[in-house]
2 protein chains.
Amino acid sequence: MQEPIKIYNTAVEAFLEVIGGKWKPVILFHLTFGKKRNGELMRLMSGVTQKMLTQQLGELVEAGIVARISYNQVPPKVEYELTEYGWSLKELLHLMCRWGDIHAERVYGDKVSILFTPPQVEDKENTGP
Amino acid sequence: MQEPIKIYNTAVEAFLEVIGGKWKPVILFHLTFGKKRNGELMRLMSGVTQKMLTQQLGELVEAGIVARISYNQVPPKVEYELTEYGWSLKELLHLMCRWGDIHAERVYGDKVSILFTPPQVEDKENTGP
DNA sequence: CGGGATCCCCTACGATACTG
DNA sequence: CAGTATCGTAGGGGATCCCG
């Protein structure tokens, strides 16, 4: 049989099915700046629990977007990095960041604080001190 | 006081706070092809309930991303369209669609069916019949 | 250090029915 | 046609303890 086994209304839904988790875009965003260890991600993403981080990372690994590199040693060392396929999301993720940045300023003005701001976004305007 | 009233780890979180709903990206995506009535969106988005559609649209209106145009007449007629600010999401939404399209093919091959495919995406490759 | 296993809560979401 | 109101539920997500 050649019937479709999967039906989407739009391809956007296919995107959301993979990237739609609460923390996934944030994880991926951080990985666009290089491979990261579990602990690093925990520190970067204040608010996430170990369980959620592990779970979401696992789903991203299954989807072929993130690679998990485990060094067999003790204490354990595990690194996560984007696969080649995963890198195709970089532009998207950085656009999200830029839009969020503009939106945050639009809504909160100078009463918002963004802890991690990549170099690129900072370039948008060089408002001196 | 000038303390920040809002703190994000990254601006991506600010993006997700506004666009992160289950149906919001899909709604917005459809609106990038012109204003739509409630019933049209219901038909385009098989699976969504009236309640969720109304709710998510309401939040988008509050965020200033979507405009609600109500014609006072009976039977009622209400249209939704992107605000000027909302249009700033178009590139992002279409990138999501393109990525989802590629991903769906990568995962399901020809066993996936996408009901609504915008002209642009179809252009990616003209694989004849 | 990284991450399983459990327990539990809560809210996002769905189904249904009703109104202007 | 567009939108409420109500109720019920699944599962996303948090806290905690434990293990290699």
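This one's a predicted model, so the numbers in the text were calculated from it and none came from an experiment. All chains are named by letter (A, B, ...) in the order of the sequence lines, taking the proteins before the strands, and each is independently numbered beginning at 1.
Taking the screw axis at each terminus of the helix from dC1(C)-dG20(D) to dG20(C)-dC1(D) from five consecutive base pairs, the angle between the two is 50° to within rounding of 10 degrees.
Aromatic ring pairs are classed by plane angle as parallel below 30°, tilted from 30° to 60° and perpendicular above 60°; the pair Y85(B) and W99(A) is parallel.
Between the P atom of dA15(C) and the CD atom of Q55(B) lies a distance of 14 Å, rounded to the nearest Å. Atom CH2 of W23(B) is separated from atom C1' of dC13(C) by 10 Å (rounded to the nearest Å). The distance between atom CE of M52(B) and atom C1' of dA5(D), rounded to the nearest whole Å, is 15 Å. The interatomic distance linking K36(B) (NZ) with dA2(D) (C1') rounds to 17 Å, in whole Å. In this structure, L41(A) places its CG atom 15 Å from P of dC1(C), rounding to the nearest Å.
Aromatic ring centres of F33(B) and F116(B): separated by under 6.0 Å.
Put simply, the side chain of N9(A) gets close to the backbone of S46(B): a donor and an acceptor are under 3.5 Å apart.
Shown here are the salt bridge (charged side-chain N to carboxylate O under 4.0 Å, His left out) partners of E91(A), two or more places apart in sequence or in another chain: there are none. The ring pair (Phe, Tyr, Trp, His ring centres under 6.0 Å) check on Y80(A) picks up nothing, with sequence neighbours excluded.
For residues 24-42 of chain B, every residue pair satisfying the side chain to side chain donor-acceptor pair (under 3.5 Å) rule, not counting sequence neighbours, is listed here: K24(B)-E59(B), T32(B)-H94(B), N38(B)-Q50(B).
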Please list, pair by pair, any protein nitrogen or oxygen found under 3.5 Å from a nitrogen or oxygen in nucleotides 5-10 of chain C.
none

Collect all protein-nucleotide pairs involving nucleotides 17-20 of chain C in which both atoms are nitrogen or oxygen and the distance is under 3.5 Å.
none

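Comparing dA2(D), dG2(C), dG14(C) against the side chain of T49(B) picks out dG14(C) as the nearest. Considering only side-chain atoms of R68(A), the nucleotide from dC1(C), dA2(D), dG3(C) that sits closest is dG3(C). The side chain of N38(B) approaches dG3(D) more closely than any other nucleotide in the set dG3(D), dG14(D), dG2(C).
For the residue pair I114(B) and A104(B), the shortest heavy atom distance occurs at CD1-CB, 4.3 Å. Across all their heavy atoms, L53(A) and V48(A) have their closest contact at N-CG2, 4.0 Å.
Using a 4.0 Å heavy-atom cutoff across all strands shown, Q56(B) reaches sugar-phosphate atoms only and no base atom. Across all strands shown, Y71(B) has no heavy atoms under 4.0 Å from either base or sugar-phosphate atoms.
Nucleotides of DNA chain C nearest to G21(B) and R37(A) differ in position, and the one nearer the 5' end is that of R37(A).
Other residues, nucleotides and ligands place more than 12 heavy atoms under 6.0 Å from the CD atom of Q73(A).
Contact of the L31(B) side chain with the L60(B) side chain is not registered, since no non-hydrogen atoms from C-beta on lie closer than 4.5 Å.
We find the CG-CH2 distance between L93(A) and W87(A) to be 10.0 Å, quoted to the nearest 0.5 Å.
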